[in-house]
Q: 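Can you read through this structure? Questions will come right after.
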Amino acid sequence: MTLTAEGLKAKLEEALKTREQGSVEVLDISSGCGTSFEVKVVSPEFEGKNLLARHRLINDILKNEMPHIHALSIKQAQTPAQAQGS
Amino acid sequence: MQLQAYSNSSLAAGAPLQRRALAGRMSVRARAAAPSTSTPPLSQAPLIKLPEGAKDLPKNPGVYAVYDGNTTLQYIGLSRRVDASIANHLAELPELTNGVKVLAMTHATRESLTEAWKHWVEEAVNATGTIPPGNAPGEKKWQSRTVKPPRPEIRLTAGKGTNTPIEDLLDKVVKDCKVVAFIKGTRTQPQCGFSHKMLTILNNHRTDYEVVNVLDEVHNPGLRDAIKNYSQWPTIPQLYMKGEFIGGSDIVGEMEENGEMKKLVEQL
């Protein structure tokens with residue numbers, strides 16, 4: 001199974017409804033071998049969820065990919081309102 | 001020489017590393033920096049208020065005198081890194097560490113440091129008629145930071161197999177320990193950057209915490225997968241406080257930055 005930053009991004013965008021509001025950034029930090037990624041998400045789906053729940057949500061969406069990912073680093077998990085404030 | 005009797009933390013009971021560093025320096029610079037015969041007197045050194053002034057302290061070797069809130073001299077010490085030593089005192093004895101006078105000695109040798117330290121102690125004894133309380137023989141509280149051996153990692157089994165499911169053993173550790181980090185590697189040698197980062201944050205808060213090494217298959221058989229199922233969290237390290245899953249490396253890092261970790265630790 002080969003993973004790409006684009007593939008993960010599409011999956012997150014779909015599940016976290018960021019097309020209209022928010023954003024998803026996925027960075028492949030493994031120099032191309034598809035095992036280490038950095039993720040930044042701004043999504044309305046995070047409203048009312050604490051940090052742990054937000055990370056769980058992302059992990060859950062990528063459940064099938066996780067066994068093949070060596071390191072997934074979630075650098076940002078904010079609501080659109082928070083992202084504007086920062 | 002009555003002075004020999006005074007306790008001198010950094011040299012008498014100092015961390016071995018610090019001593020070795022001083023010794024190393026000595027052999028190179030040996031006589032280049034002879035002990036100063038004219039140590040600037042303690043009475044004329046300016047008193048720096050703490051903790052406000054802590055960030056501007058010299059990073060050099062030197063001698064320092066610690067004062068409490070009534071400007072009573074508490075302790076005279078010497079160090080290879082004045083700022084680090086005083087930061088330690090501030091953390092361990094904040095109620096007695098309200099001010100400090102510093103004599104920075106850029107190219108100090110062990111001899112010149114000891115020499116200057118003696119001058120200051122002598123001056124203090126002459127002025128007050130008594131040894132600074134922290135330097136009194138047998139007084140240990142200003143030296144407590146010296147080399148506490150790291151606590152060993154918790155092992156879930158004795159390594160000879162077990163009839164108890166690993167899940168039960170792991171659950172017990174999580175519930176019994178106030179703070180426990182499941183990491184890859186050991187306290188002193190974490191084997192991945194994320195585990196290292198988590199321990200660094202815990203260390204910064206001087207948290208009393210336990211460590212379980214998920215890579216130790218002999219003593220913790222199957223733990224690496226069991227812990228992921230237990231918390232329904234896909235990665236290691238994992239931090240638990242008071243029986244509750246706090247998060248992995250990213251979450252702990254973010255909580256450190258926004259101040260939540262400090263609050264959690266204070267509430268322990």
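Basis for what follows: all heavy atoms, side chains included, without hydrogens, waters or symmetry-related copies. Letters A, B, ... are given to chains in the order of the sequence lines, protein chains preceding strands, and every chain is numbered from 1.
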Q: Counting only heavy atoms not in B:Gln189, do more than 12 fall under 6.0 Å of its CD?
A: no
Q: Once you round to the nearest 0.5 Å, how far does CD of B:Glu254 lie from CG of A:Leu51?
A: 4.5 Å
Q: B:Phe194 versus chain A, heavy atoms under 4.5 Å apart: side chain, backbone, both or neither?
A: side chain
Q: Just checking B:His196: does its NE2 atom have more than 12 heavy atoms from other residues, nucleotides or ligands closer to it than 6.0 angstrom?
A: no
Q: Taking CZ in B:Arg187 as the centre, count heavy atoms belonging to other residues, nucleotides or ligands within less than 6.0 Å. Is the count above 12?
A: yes
Q: Heavy-atom count check: over 12 atoms from other residues, nucleotides or ligands less than 6.0 Å from B:Glu217 CD?
A: yes
Q: To check you understand the geometry: which heavy-atom pair defines the closest contact between A:Leu52 and B:Ile246, and what is its length?
A: CD1-O, 3.7 Å
Q: Can a donor-acceptor pair be found, under 3.5 Å and without considering hydrogens, that links the side chain of B:Asp250 to the backbone of A:Ile74?
A: yes
Q: Evaluate whether atom CZ of A:Arg56 has more than 12 neighbouring non-hydrogen atoms of other residues, nucleotides or ligands under 6.0 angstrom away.
A: yes
Q: Looking at B:Lys197, I'd like to know if its NZ atom is crowded, meaning that more than 12 non-hydrogen atoms belonging to other residues, nucleotides or ligands lie closer than 6.0 Å.
A: yes
Q: Just wondering, do A:Leu72 and B:Thr235 contact through their side chains at under 4.5 Å, heavy atoms?
A: no
Q: Using a 4.5 angstrom heavy-atom cutoff, name the option from A:Leu62, A:Asn50, A:Asn59 with the most pairs to chain B.
A: A:Asn59
Q: Which heavy atom of A:Met66 sits nearest to which heavy atom of B:Pro234, and what is that distance?
A: CE-CG, 3.4 Å
Q: Anything in residues 161-181 of chain B with a heavy-atom distance to chain A below 4.5 Å? Please list those residues in order.
A: none
